[in-house]
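Take a look at the structure below.
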Amino acid sequence: MTYDLLFTGGEVPGTGPADVAVRDGLIAAVGAGVSEDARTVVDVAGLLVTPGLVDLHAHVGPGYWGIEPDPIAWRTGVTTWVDAGSAGAYTLAGLRRVVAGTDVRVPALLNISAVGLAGRTGESRDLDNCDTALAIDTVQAHRDLIRGIKVRIDRETVGDNGVEPLRRGLAAAQACGIPVMVHIGTAPPALDEVLDLLRPGDIVTHCASGIAAPLGPAVRAARERGVLLDIGHGSGGFAFDVLERQLAEGLAPDTVSTDLHARSVHGPVFDLPTTMAKLLAAGLPLTEVLAAATVRPARALGLPGGTLTVGAPADLAVFRVEEGAFEVVDAHRQVRHAPLRLVNEATYVAGRRMIPRLGPPTPPWIPLTDAQRAALARRERDLRALLTAPLVGADGLAEQFPRPTPRSQ
């Protein structure tokens, strides 16, 4: 039996030391002593081999908030990026063009507002944009792409419309048999009014927000009836003190996501492994955090992947686990220290390794500090040096690949 790819000597979460074999873009075998009859054998001794990470809340375009996923995915292990409402019915074609040009997987949550996130906010102030029938028709016509409905509920986004956009989103989701993800933020409307409408399987993102302060009986009642709690860090949606109080009350998040977008990718979020380190800093064990970034988000939307079971897509991430006391910061500049962090060594989608590539310039409407600009310049310089050097590391991970050509400058 010949495999296309075999990882040997690594550690697999929940299994321990194990080999992982890949054939035809799928996981073919996992266990000790898998036959080395493989076209390519990769020694990952001392490293952690996980399913490709699944980011349940990101923004990859089109519009104000979008970023390119591939230039981040190859160095972070994130192989599935759920676009959480960047596109509505009017703008879905733009998202499809983005998806067609990516190596990673990009399922989508359709914004109940047909204009999507073309601008910074306000997409649901005009209820004519929140057309339930149009949303239903759009989902039915794009089942291969759309896995849920996204609704942002906060004072700026909905204006005087309260929870009516959410009611319309729920109606569309109910008709299509899919979940709703609701963004919570500054009231009105009141958080309890939002939570009380949600059904089992619906998702509250920014669940540890220091802005919405999601604590109290309504949160517990929502969790008890099967509503999922998602981190959705973003530029203002995560606070250590709120998460720590939730953990003390037995309300651990179901999933960890970044809400990575053009205004959070340069800080305070940076990427999913950094966000995962923040949950470790709050006291969650690594096994729990890995599940919250792999199998649970995949299950929440019925996505392929998130596991290393035989027959699953061969989306994999290879990490080096570093121990120490690593400083991490939330969206409100509260500081904690993580006992370990995951440093990505390689990322594979359907058994093919992602190559390093440069990202596009930061959009002109995104404000950056001098420190951020300097950091971006250093990253570009370092990546350009990597792209002009042979991709062979001491661990041998890169020996099978030619020198890559940057896809975008």
Side-chain angles (χ1 to χ4, degrees), residues 7 10-15 20 22 27 44 47-60 67-84 102-109 147 203 205 228 230-234 238 253-261 264-265 269-280 284-309 312-322 328 338 340-354 356 397:
F7 298 87
E11 185 85 8
V12 173
T15 300
V20 179
V22 174
I27 302 296
V44 290
L47 300 175
L48 184 68
V49 180
T50 76
L53 303 184
V54 179
D55 196 337
L56 190 64
H57 182 167
H59 293 281
V60 301
I67 57 174
E68 281 193 24
D70 287 350
I72 303 168
W74 72 268
R75 57 181 172 81
T76 61
V78 183
T79 56
T80 298
W81 297 61
V82 179
D83 185 87
T102 63
D103 291 335
V104 294
R105 304 179 194 275
V106 184
L109 306 177
R147 296 297 184 129
I203 304 161
T205 194
L228 304 178
D230 173 61
I231 287 294
H233 189 312
F238 173 70
D254 296 285
T255 55
V256 52
S257 69
T258 59
D259 185 18
L260 203 63
H261 54 66
S264 69
V265 68
V269 178
F270 300 107
D271 53 52
L272 186 52
T274 301
T275 305
M276 294 165 70
K278 298 179 187 186
L279 269 66
L280 295 169
L284 287 168
L286 179 59
T287 53
E288 179 81 4
V289 175
L290 283 170
T294 54
V295 63
R296 289 190 202 150
R299 188 184 301 140
L301 297 182
L303 301 174
T307 74
L308 295 182
T309 57
D315 297 352
L316 303 104
V318 180
F319 290 106
R320 182 174 73 254
V321 181
E322 295 184 349
V328 286
L340 58 87
R341 64 183 177 187
L342 301 178
V343 179
N344 184 252
E345 295 283 346
T347 302
Y348 294 78
V349 178
R352 296 177 61 85
R353 186 175 178 178
M354 297 192 72
L397 278 175

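Keep in mind that this is a model prediction, so the values were computed, not measured.
Residues T205 and S257 approach most closely at OG1-OG, 4.3 Å, considering heavy atoms. When all heavy atoms are compared, the tightest approach of A292 to P297 is O-CD, 3.3 Å. The two residues A293 and L272 make their nearest non-hydrogen contact at CB-CD2, 4.3 Å. The two residues A338 and V328 make their nearest non-hydrogen contact at N-CG2, 4.4 Å. Of all heavy-atom pairs spanning M354 and W74, the tightest one is CB-CB, 3.7 Å. For the residue pair G234 and S264, the shortest heavy atom distance occurs at C-CB, 3.9 Å.
For the pair P253 and L279, the minimum side-chain heavy-atom distance is below 4.5 Å. In this structure, the side chains of P13 and T287 stay at 4.5 Å or more apart for every pair of heavy atoms. The side-chain heavy atoms of V12 and L308, taken from C-beta on, include a pair separated by under 4.5 Å. Side-chain contact between T76 and L53: absent, with no pair of heavy atoms (C-beta onward) separated by less than 4.5 Å. Counting heavy atoms from C-beta outward, V349 and D103 have side chains that stay 4.5 Å or more apart. Taking the side chain as every heavy atom from C-beta outward, L286 and L280 approach each other to under 4.5 Å.
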Worked verdict on V49 versus L316 for side-chain contact (heavy atoms from CB on, under 4.5 Å): CA-CA 7 Å; V49 180; L316 303 104; 3.8 Å; yes

Under the criterion side-chain contact (heavy atoms from CB on, under 4.5 Å), I'd like the reasoning laid out for V78 against V104: C-alpha separation, chi angles, the key distance, then a yes or no. CA-CA 8 Å; V78 183; V104 294; over 6 Å; no

Residue pair I72, W81: steps toward the side-chain contact (heavy atoms from CB on, under 4.5 Å) verdict: CA-CA 11 Å; I72 303 168; W81 297 61; 3.8 Å; yes

Does the pair L290 and L342 meet the rule for a side-chain contact (heavy atoms from CB on, under 4.5 Å), with working shown? CA-CA 10 Å; L290 283 170; L342 301 178; 4.1 Å; yes

Checking side-chain hydrogen bond (donor to acceptor under 3.5 Å, both in side chains) for the pair T255/D230: CA distance, chi angles, key distance, verdict? CA-CA 5 Å; T255 55; D230 173 61; 2.7 Å; yes

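Rounding to the nearest 0.5 Å places NZ of K278 at 13.5 Å from CZ of R341. The distance from the CG atom of D259 to the NE2 atom of H59 is 4.5 Å, given to the nearest 0.5 Å. Here the NE2 atom belonging to H57 is positioned 7.0 Å from the NE2 atom belonging to H261, to the nearest 0.5 angstrom. To the nearest 0.5 angstrom, M276 atom CE is 9.5 Å from L340 atom CG.
Between L301 and the options T80, V54, L109, a side-chain contact (heavy atoms from CB on, under 4.5 Å) holds for only L109. In summary, of the residues considered (D271, T347, V343), a side-chain contact (heavy atoms from CB on, under 4.5 Å) with R75 occurs for D271 alone.
For the pair D83 (side chain) and A108 (backbone), a donor-acceptor distance under 3.5 Å is absent. Side-chain atoms of D55 come within 3.5 Å of backbone N or O of T258 as a donor-acceptor pair.
Remark: D315 pairs with R105 by the salt bridge (Lys or Arg N to Asp or Glu O under 4.0 Å) rule, at least two apart or across chains.
Ring geometry for F238 versus H233: interplanar angle of 30 to 60°, hence tilted.
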